[in-house]
Amino acid sequence: MRLSQYFMPILKETPKEAEIVSHRLMLRAGMVRQQSAGIYSWLPLGLRVLRKIEEIVREEQNRAGAIEVLMPTIQPADLWRESGRYDDYGKEMLRIKDRQGRDFLFGPTNEEMITEIFRASIRSYKDLPLNLYHIQWKFRDEVRPRFGVMRGREFLMKDAYSFDVDEAGARASYNRMFVSYLRTFARLGLKAIPMRADTGPIGGDMSHEFHILADTGESEVFCHSDYPDMAVPDADIDFRDDSTLAAIVNQWTTPYAATEDMHDENEWGQVPEANRISARGIEAGHIFYFGTKYSQAMGARVMTPDGSETPVHMGSYGIGPSRLVAAIIEAFHDDNGIIWPKSVTPFDVGIINMKPGEKACDEACEILYAQLQGGEGSSGLDVLYDDRDQRAGAKFAGMDLIGLPTQVVVGPRSIKNGEVEIKDRRTGERVNLTVEAALNKLREDH
RNA sequence: CGGAGCGUGGCGCAGCCUGGUAGCGCACCUGCAUGGGGUGCAGGGGGUCGGAGGUUCGAGUCCUCUCGCUCCGACCA
């Protein structure tokens with residue numbers, strides 16, 4: 001993408017409503033624009049990051065055996081009357097009437113609808129386990145939206161729903177999602193810690209919130225210092241191997257980790273003082289088992305091997321990609337701006353042409369730009385080429401602000417020797433290389 | 001929903017107390033110069049001062065109502 005032809009409205013000054021760093025940087029980098037309290041438009045740069053996160057989430061859900069569907073944002077109220085939640089959900093649910101005066105709502109979550117889909121088609125334990133997910137916009141009319149997309153009213157959520165014939169099966173499904181989440185967050189460059197969470201009326205030990213430690217987190221969390229360095233399963237993990245998954249989950253749930261709600265001073269006291277981490281956390285994911293709560297109320301039953309009929313056991317598993325954009329920025333930034341992990345960067349490489357119009361600079365840039373992107377059908381890099389006729393300082397500042405991990409600087413001074421400069425956004429290190437050597441290095445690095 | 005605060009050009013703000021021609025910085029446009037970390041000079045365009053009503057000869061400024069937004073608390077991916 002040539003910056004001169006792109007839409008990336010970066011701001012020099014910080015809009016005053018933005019309080020936390022991720023919100024400030026997202027506005028300044030032109031990633032989003034607020035349209036109303038807690039409601040945002042995603043501008044090109046922000047959308048690219050959102051899509052990358054979404055794709056990683058999708059790949060890891062698929063790897064774990066979940067199957068993608070897409071349910072609507074608008075749901076009929078009658079479904080929610082069946083489960084009893086139409087009245088229970090309260091003002092957080094945005095209620096809408098259509099032209100016939102029928103009641104609808106903008107979905108805050110999809111348990112009812114997925115249960116309806118399930119009961120319409122599945123009759124036998126032989127079709128289980130089943131895990132269906134979608135990535136769709138949700139609306140919760142929060143009392144107090146804040147912190148930009150971190151707590152918006154409209155937000156993108158991946159929500160998966162598992163169906164099993166009994167609790168043992170549900171536990172296996174739960175473990176698959178647990179491990180899938182470990183992998184997902186690791187791929188996003190984040191260290192997420194699974195914390196015991198409230199299971200509500202079901203009880204038991206099957207609910208975890210995945211928290212990212214950050215000063216701006218909204219929750220107070222307590223965990224063992226072993227967590228941040230624990231090894232995450234590789235991509236070749238076998239998601240059909242229930243016992244291996246159970247062992248991993250066991251390993252990841254043994255050290256102490258709890259949010260404020262579930263915090264137990266007695267157990268906490270048994271953690272050696274040097275190993276206690278008491279910090280703020282951003283809730284990036286939440287998984288739980290809720291048994292037959294909806295299947296019972298909505299008549300989602302299957303036949304068991306012994307010929308009896310039983311309500312299906314369900315769990316749900318949420319990750320918020322839009323919130324994760326902000327969470328990643330909270331975790332990766334410096335005074336100059338964002339520093340994207342390579343897996344989610346909106347562009348892999350930024351090329352800065354120090355002096356557009358000067359032949360040697362233009363030529364070197366065009367070669368780099370074309371070669372790095374590769375030809376049609378090639379899996380080349382995403383490249384942002386700053387070809388604008390603008391003072392160099394502004395270009396550097398802008399490129400740092402938007403946080404591309406690798407920048408290539410092409411200027412008259414070094415191109416005289418046939419060289420360009422490659423800069424690492426994270427370390428600030430710069431090396432001079434010939435155009436050819438630079439191409440090779442960049443291809444290798446990505 | 002309780003408490004606090006803010007709405008003046010795209011962004012950041014001053015002006016309001018004490019009513020009298022709507023201002024500054026950034027951004028934007030034109031020209032010249034400049035070119036290795038938010039460039040200099042000169043010229044220029046853009047604002048129903050959130051909205052409605054009122055007081056007044058006259059309202060950005062005073063009064064009433066209203067809408068929007070932000071922050072702090074209780075709730076949530």
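Proteins come first, then strands; the chains are lettered A, B, ... in the order of their sequence lines, and each starts at number 1.
For B/G53 and B/A59, the C1' atoms lie 13 Å apart once the distance is rounded to whole Å.
Separating the CD atom of A/E358 from the P atom of B/G36 is a distance of 12 Å, rounded to the nearest angstrom. Here B/A27 presents its P atom at 19 Å from CG of A/L27, a figure rounded to the nearest Å. The nearest whole Å value for the distance from the CD atom in A/E421 to the P atom in B/G37 is 11 Å.
Judged by Watson-Crick or G-U wobble contacts below 3.5 Å, the nucleotide B/C24 has B/G12 as its partner.
Of the candidate nucleotides B/G36, B/G38, B/G12, B/G38 has the atom nearest to the side chain of A/I10. For A/K423, whose side chain is taken as the heavy atoms from C-beta onward, the closest listed nucleotide among B/G38, B/G36, B/G37 is B/G37.
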**Complete:** Quick tally for nucleotides 70-77 of chain B: nucleotides whose base has a protein heavy atom under 4.0 Å get B, sugar-phosphate-only ones S, the rest -, giving SBBBBBBB
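Residue order along RNA chain B, read from the 5' end via each residue's closest nucleotide, puts A/P356 first among A/P356 and A/Q35.
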Using nucleotides 42-47 of chain B, report all nitrogen or oxygen pairs with the protein that are shorter than 3.5 Å.
none

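An OP1 or OP2 oxygen of B/C1 is reached within less than 4.0 angstrom by a side-chain nitrogen or oxygen of A/K91. In terms of phosphate contacts, A/K12 brings no side-chain nitrogen or oxygen within less than 4.0 Å of OP1 or OP2 of B/C26.
Taken residue by residue, residues 393-400 of chain A places heavy atoms nearer than 4.0 Å to RNA chain B at A/G393, A/A394, A/F396, A/A397, A/D400.
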